[in-house]
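These notes concern the structure reproduced below.
All values reported here derive from a predicted model rather than from experimental measurement. When reading the values below, keep in mind they use all heavy atoms of this one structure, side chains included, and skip hydrogens, waters and symmetry mates.
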Amino acid sequence: MINIVLFGKPGAGKGTQAEFLKEKYNLTHLSTGDIFRYNIKNDTDLGKLAKTFMDKGDLVPDEVTIQMLQSEVDKNPHSAGFLFDGFPRTLAQAAALDTFLASKGQSITATVALEADDNILVARLLERGKTSGRPDDQDDEKIRNRYHEYNEKTAPLMHFYEEQGKFHTVNGIGTILEVNERLNQVFDTL
């Protein structure tokens, strides 16, 4: 079983690339953003709580995110592995994920970060916001707040996984296929 964490700021292409990677490597894709949006759309208690944070461009608190993700992993007991997209986002989440996976006799195999310039990503998100209906993709200030949150809370995870020899970077600028080819080169070595 392989378990991969896919990192990258909002707009870096994690969701797009995850669609290719999950098929090629037979992984279950767990996107916290998609799971939260599903809960928001269906007006669940978790969705209402998550929406209060997401509408401000803030991260959803660790306890809520961890509980939700554990539930999703448990729903897929026969998976060949997981592709975590948008989780973990903090050192506390990474430690909780390690503890949870260890309880199942598993661990994180590798982490891969899609890297791209902030200004390019902001432009991508503003363009996506025209059709996605997501309020957090339609406001430059909210987008930049999400990047600030990422830099403050998520970027330290790169060092955490680098110390374990599990961190890889991939240039996230280019066509979808060019970025996918770069990701495949990394995944094929795992």
Are the side chain of Thr28 and the backbone N or O of Phe82 linked by a donor-acceptor pair below 3.5 Å?
no

Can you confirm whether Ile176 is buried at CD1, in the sense that more than 12 heavy atoms of other residues, nucleotides or ligands lie under 6.0 Å from that atom?
no

Assess the residue pair Lys75 and Glu72 against the criterion (salt bridge (charged side-chain N to carboxylate O under 4.0 Å, His left out)); give the C-alpha distance rounded to whole Å, side-chain angles, the decisive distance to 0.1 Å, and a yes or no.
CA-CA 5 Å; Lys75 288 178 187 175; Glu72 293 298 316; 3.1 Å; yes

Taking the six-membered ring of Phe20 (Phe, Tyr or Trp), confirm whether the NZ or CZ of Lys24 is under 6.0 Å from its centre and within 45° of its axis.
no

Pairing residues for Phe160 by the ring pair (Phe, Tyr, Trp, His ring centres under 6.0 Å) criterion, not counting sequence neighbours:
none

Would you say Glu115 and Asn171 are linked by a side-chain donor-acceptor pair, where the criterion is simply a distance under 3.5 Å?
no

Can you see whether Asp62 engages Thr90 through a side-chain donor-acceptor pair at a distance of less than 3.5 angstrom?
yes

Using side-chain heavy atoms (C-beta onward) and a distance below 4.5 Å, is Asn184 in contact with Asn180?
yes

Assess Lys9 against Tyr147: is NZ or CZ under 6.0 Å from the centre of the six-membered ring, and within 45 degrees of the ring's axis?
yes

Which heavy atom of Asp34 sits nearest a heavy atom of Arg37, and at what distance?
OD1-NH2, 2.8 Å

Full working for side-chain contact (heavy atoms from CB on, under 4.5 Å) between Phe36 and Leu46:
CA-CA 8 Å; Phe36 283 135; Leu46 176 62; 4.1 Å; yes

Minimum heavy-atom distance between Ala116 and Ile173, given as atom pair plus value:
CB-CD1, 3.4 Å

Asn145 and Tyr150: side chain donor to acceptor below 3.5 Å:
no

If you count the non-hydrogen atoms of other residues, nucleotides and ligands that lie under 6.0 Å from NZ in Lys51, is the total more than 12?
no

